[in-house]
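Data first, discussion second: the structure below is written as structure tokens.
All heavy atoms count here, side chains included; hydrogens, waters and symmetry mates do not. Keep in mind the model is a prediction, meaning the values are calculated, not measured.
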Amino acid sequence: MRKNYVAVLDVRSADITAVVGERGVNNTFIIKHKSTCAYDGYAEGELLDVGGFSSALTEVVKSTLFAASRIKTFYVGVPGEFLQLVNADKSVSFNSARRITRNDVESLVSAATPADDEKWRTIRHSCLYYVLSDKRRLIEPVGTVSESLLGKFAFYKCNNAFIGCLMDAFKRFKGVTSVNLIPANQAEAMYLIEPEKRDECAVLFDFGYISSTYSVVCGNGLMYSESFSLGIGHIAALLMNDFDIPYEVALKFLSKVNLNAKEKLSSSEECVFENKTYEFSTIALRDKIREGLDGICETIETCIQSFTAKNTEGKPLFITGEGVNFVRGTAEHISGRLVRSVEVVAPDVPYYDKPQYSSLFSLLHTALCDKNS
């Protein structure tokens, strides 16, 4: 295995995916191996089936090691449901103006780092921005001259119970010597949103299967992040209950409906499952899907109102995740419901340029940056 490859594990709320990849030309990626295994997921900050999670993780890791036996380190994305964001400010004043060193920055970070406890452990930090004595705001202060330095930081703490489940699953692989944890929401923000759009602040919504995350991004970090147990799977459950159909049939109907289409009153959608035919009014299906999306939009609105540190009014909502393209017209409906611009973001990678691959390639990007730093 070439030394510039990394192995990444993407833990989503419906499946776990592992990839081994490296950086390609023009900032793309070369994928050596990819494997995915479905499991029950997580909700309300807990794995729904710890045994199923362990089995799914074991399957994809085993497949990865079979394809790339020299892999010793895995980079694992931690979902928002298992993260706690802590923002902290710290400043230092010097006797006189002088050139800022790397040691100055590291001391500031160390002084701002929150203490770990029985439930949460700090796994990563990033800087939103630094402020010099002349009020200049920048991302990298080393080498600049100033009489003081203020840093605004984001610390990402992971739930120890999740770490325990993860490490227990990895114990059976003696060849894996280290597991590095990456906050998935921060990785997505850094990879999917251009730096100039993050300078003031940007808003990102990861629309998942049974869990979604709303984040406010500033500089190289997050100012706010809230995960909630709602996703496209809950809209399928809404159809299942209201139309009295199997869950698999509800998922098929989701993929058939176009929220932007103008059907006749007599239009209907048909689905065959296990030799039985199901048929319902297109308008009735569409109305129920819109109802489910409106519930998710109400939660997004609550997040918008909860964040008061900066004014995000007028900022576009960047949206990604597997829930975006499941129903045609989802982004447009959310835009109309929230009365704001919505932009779908996805990896700029051939064959993988879809929102459902955003977290995977964001983690791959972050892991490669870490490995080469």
Side-chain angles (χ1 to χ4, degrees), residues 73 75 78 80 83-160 163 178 180-204 215-226 306-313 315 362 365-373:
T73 298
Y75 294 84
V78 179
L83 289 171
Q84 182 186 70
L85 173 67
V86 178
N87 288 118
D89 296 359
K90 211 69 181 178
S91 62
V92 61
S93 297
F94 309 119
N95 293 329
S96 60
R98 66 173 179 81
R99 199 170 298 278
I100 295 171
T101 67
R102 178 58 56 191
N103 284 340
D104 294 327
V105 171
E106 292 176 355
S107 295
L108 208 59
V109 172
S110 179
T113 303
D116 292 342
D117 55 40
E118 292 183 358
K119 186 174 181 180
W120 301 98
R121 184 190 312 176
T122 302
I123 60 171
R124 198 178 186 91
H125 75 271
S126 59
C127 181
L128 279 63
Y129 54 85
Y130 294 94
V131 180
L132 304 181
S133 55
D134 61 4
K135 306 303 180 185
R136 277 185 295 158
R137 199 181 81 174
L138 33 77
I139 297 297
E140 178 52 77
V142 174
T144 59
V145 175
S146 179
E147 296 178 353
S148 64
L149 180 65
L150 166 69
K152 289 185 174 288
F153 303 102
F155 294 91
Y156 310 92
K157 307 186 84 172
C158 182
N159 184 286
N160 280 325
I163 295 175
S178 63
N180 296 335
L181 303 180
I182 299 173
N185 47 9
Q186 195 253 350
E188 282 190 330
M190 296 304 101
Y191 176 63
L192 296 172
I193 304 177
E194 296 294 329
E196 56 271 18
K197 293 180 180 178
R198 303 195 310 258
D199 277 350
E200 287 302 321
C201 73
V203 184
L204 176 65
S215 302
V216 179
V217 192
C218 184
N220 284 339
L222 302 182
M223 296 187 75
Y224 175 89
S225 189
E226 185 69 34
S306 297
F307 177 73
T308 57
K310 275 184 174 289
N311 182 13
T312 61
E313 187 177 347
K315 299 280 185 183
S362 297
H365 168 77
T366 302
L368 286 166
C369 288
D370 282 5
K371 182 179 177 67
N372 296 322
S373 63

* In this structure, which one of Thr366, Asp370, Asn180 forms a side-chain hydrogen bond (donor to acceptor under 3.5 Å, both in side chains) with Arg124? ->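 Output: one option passes, namely Asp370.
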
So which atom in [X] and which in [Y] form the shortest heavy-atom distance, rounded to 0.1 Å?
X      : Y      : result
Leu108 : Gly151 : CD2-N, 3.7 Å
Phe94  : Ser146 : CD1-O, 3.5 Å
Asn311 : Glu313 : OD1-N, 2.9 Å
Ile139 : Gly219 : CD1-CA, 3.9 Å
Leu222 : Asn87  : O-ND2, 3.0 Å

Output the distance between atom [atom1] ([X]) and atom [atom2] ([Y]), rounded to the nearest 0.5 Å.
X      : Y      : atom1 : atom2 : result
Leu150 : Arg137 : CG    : CZ    : 11.0 Å
Leu204 : Glu188 : CG    : CD    : 6.0 Å
Ile182 : Ile123 : CD1   : CD1   : 8.5 Å
Leu83  : Gln186 : CG    : CD    : 10.0 Å
Thr122 : Leu181 : OG1   : CG    : 11.5 Å
Cys218 : Tyr224 : SG    : OH    : 16.0 Å

So do the side chains of [X] and [Y] get within less than 4.5 Å of each other, counting heavy atoms only?
X      : Y      : value
Glu200 : Lys315 : yes
Leu85  : Glu226 : no
Leu149 : Leu132 : yes

* Name the orientation class of the two ring planes belonging to Tyr130 and Phe153 (parallel below 30°, tilted from 30 to 60°, perpendicular beyond 60°). =>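 Aromatic pair Tyr130/Phe153 classed perpendicular.
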
Is the backbone of [Y] close enough, under 3.5 Å, to the side chain of [X] for a donor and an acceptor to pair up by distance?
X      : Y      : answer
Asn160 : Asp117 : yes
Asn159 : Gln84  : no
Arg198 : Met190 : yes
Arg99  : Gly143 : yes

* Go through the structure and list residues passing side-chain hydrogen bond (donor to acceptor under 3.5 Å, both in side chains) with Tyr156, not counting sequence neighbours. =>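 Expected list: Ser126.
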
* **Worked verdict on Lys157 versus Asp116 for side-chain contact (heavy atoms from CB on, under 4.5 Å)** => CA-CA 8 Å; Lys157 307 186 84 172; Asp116 292 342; 3.9 Å; yes

* How about Ser148 and Ser133: does a side-chain donor come under 3.5 Å of a side-chain acceptor? ->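 Looking only at side-chain atoms, Ser133 and Ser148 do not form any donor-acceptor pair under 3.5 Å.
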
* Can you tell me if Asp104 and Ser107 form a side-chain donor-acceptor pair at under 3.5 Å? ->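 Side-chain D/A pair, Asp104 to Ser107: absent.
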
* To do: Check the pair Asn220 / Cys127 against side-chain contact (heavy atoms from CB on, under 4.5 Å), numbers first and verdict last.
  => CA-CA 6 Å; Asn220 284 339; Cys127 181; 5.6 Å; no

* In this structure, are over 12 heavy atoms from other groups packed under 6.0 Å from Glu196 atom CD? -> yes

* To do: May I ask you to check whether over 12 heavy atoms, not counting those of Lys310, lie within 6.0 Å of atom NZ?
  =>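 Yes, the 6.0 Å shell around NZ holds more than 12 heavy atoms from other groups.
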
